[in-house]
Colleague: 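A single structure is presented below for examination.
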Amino acid sequence: IMAEKTYDWASIAKNPKFIELHHKKTAFLFGWWIFSTIYYFLLPIGAAYAPGLFKIQILGRINFGYIFALSQFFVSWGLAMYYAHVANKDFDRLTRELVNELQ
C-alpha cells in the first residue's frame, strides 16, 4: 500500500503563488470569455438587425454573412492556440513554482 501525502489545502489557497496563479488565470479566462461571447452573438444579432451588411457579396455567392460565420471557427481555434501558449508560458511555470515550494 502506497502512503498518500496529505496537503493542507487551506494554506495552499493562501499561498501567494497560488493566489497569483488563480488571479492571472481568472483574469485571462474571464476577459476572453467576454470577447468570445460578444463575438458569437454578433452573428445572430447582425443577421437580424443588419441584414444588408450580411448580404454583401464578397466572392461569387459567398457573402459577408458566410465569411463572418466561418470566422468564428478560426477565432475559436486562435483563442485555443493562444490559451495553450499562455498556459505553457505562464500558468505552468507558476504551477511548477508552487509545487516545488510545497515539496
Colleague: Just verifying a value: how many Å separate Lys17 NZ and Asn100 CG, rounded to the nearest 0.5 Å?
Modeller: 9.5 Å

Colleague: Does some side-chain heavy atom of Ile58 sit less than 4.5 Å from a side-chain heavy atom of Ile67?
Modeller: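 Of all side-chain heavy-atom pairs linking Ile58 with Ile67, at least one is under 4.5 Å.
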
Colleague: Say you draw a straight line from NZ of Lys14 to CH2 of Trp9; how long is it, rounded to the nearest 0.5 Å?
Modeller: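 Here the interatomic distance stands at 15.0 Å.
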
Colleague: Verify the cluster assignment for Tyr82 and Trp77: are they in a single hydrophobic cluster under the rule of side-chain heavy atoms below 4.5 Å apart?
Modeller: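 Different hydrophobic clusters.
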
Colleague: Listed by chain and number, what are the ring-ring contact (aromatic ring centres under 6.0 Å, His included) partners of Phe35, not counting sequence neighbours?
Modeller: Trp32, Tyr39

Colleague: Heavy atoms, side chains only, cut-off 4.5 Å: are Val75 and Ser36 in contact?
Modeller: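 Val75 does not reach Ser36 side chain to side chain.
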
Colleague: Just how far is it from atom CG of Leu21 to atom CZ of Arg96, taken to the nearest 0.5 Å?
Modeller: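 It is 11.5 Å, given to the nearest 0.5 Å.
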
Colleague: Compute the ring centroids of Phe54 and Tyr66, then answer whether they are less than 6.0 Å apart.
Modeller: no

Colleague: Compare all side-chain heavy atoms of Ile45 with those of Tyr49 and state whether any distance is below 4.5 angstrom.
Modeller: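 They are in side-chain contact.
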
Colleague: Once you round to the nearest 0.5 Å, how far does CD1 of Ile19 lie from CG of Leu94?
Modeller: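 Atom-to-atom, Ile19:CD1 and Leu94:CG are 12.5 Å apart.
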
Colleague: Looking only at heavy atoms, what is the nearest atom pair of Glu101 and Asn15, with distance?
Modeller: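 Scanning both residues, the minimum pair turns out to be OE2-ND2, 2.7 Å.
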
Colleague: Would you give the length of the straight line joining atom NZ of Lys24 to atom CG of Leu29, rounded to the nearest 0.5 angstrom?
Modeller: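 The CG atom of Leu29 is 13.5 Å from NZ of Lys24, to the nearest 0.5 Å.
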
Colleague: Please check this pair: side chain of Ser11 against backbone of Asp8, looking for a donor-acceptor N/O pair closer than 3.5 Å.
Modeller: yes

Colleague: Can you get from Leu79 to Tyr40 by hopping between Ile, Leu, Val, Met, Phe, Trp and Tyr side chains that sit under 4.5 Å apart?
Modeller: no

Colleague: Could you check whether the rings of Phe28 and Tyr83 sit parallel, tilted or perpendicular, using 30° and 60° as the cut-offs?
Modeller: tilted

Colleague: Hey, what do you get for CG (Leu98) to CD (Glu20), rounding to the nearest 0.5 Å?
Modeller: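 Spacing of CG (Leu98) from CD (Glu20) equals 10.5 Å.
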
Colleague: With a 4.5 Å heavy-atom cut-off, do Leu43 and Gln72 have their side chains touching?
Modeller: yes

Colleague: Given the rule that I, L, V, M, F, W and Y join up when any side-chain heavy atoms are under 4.5 Å apart, are Ile56 and Leu42 in one cluster?
Modeller: yes

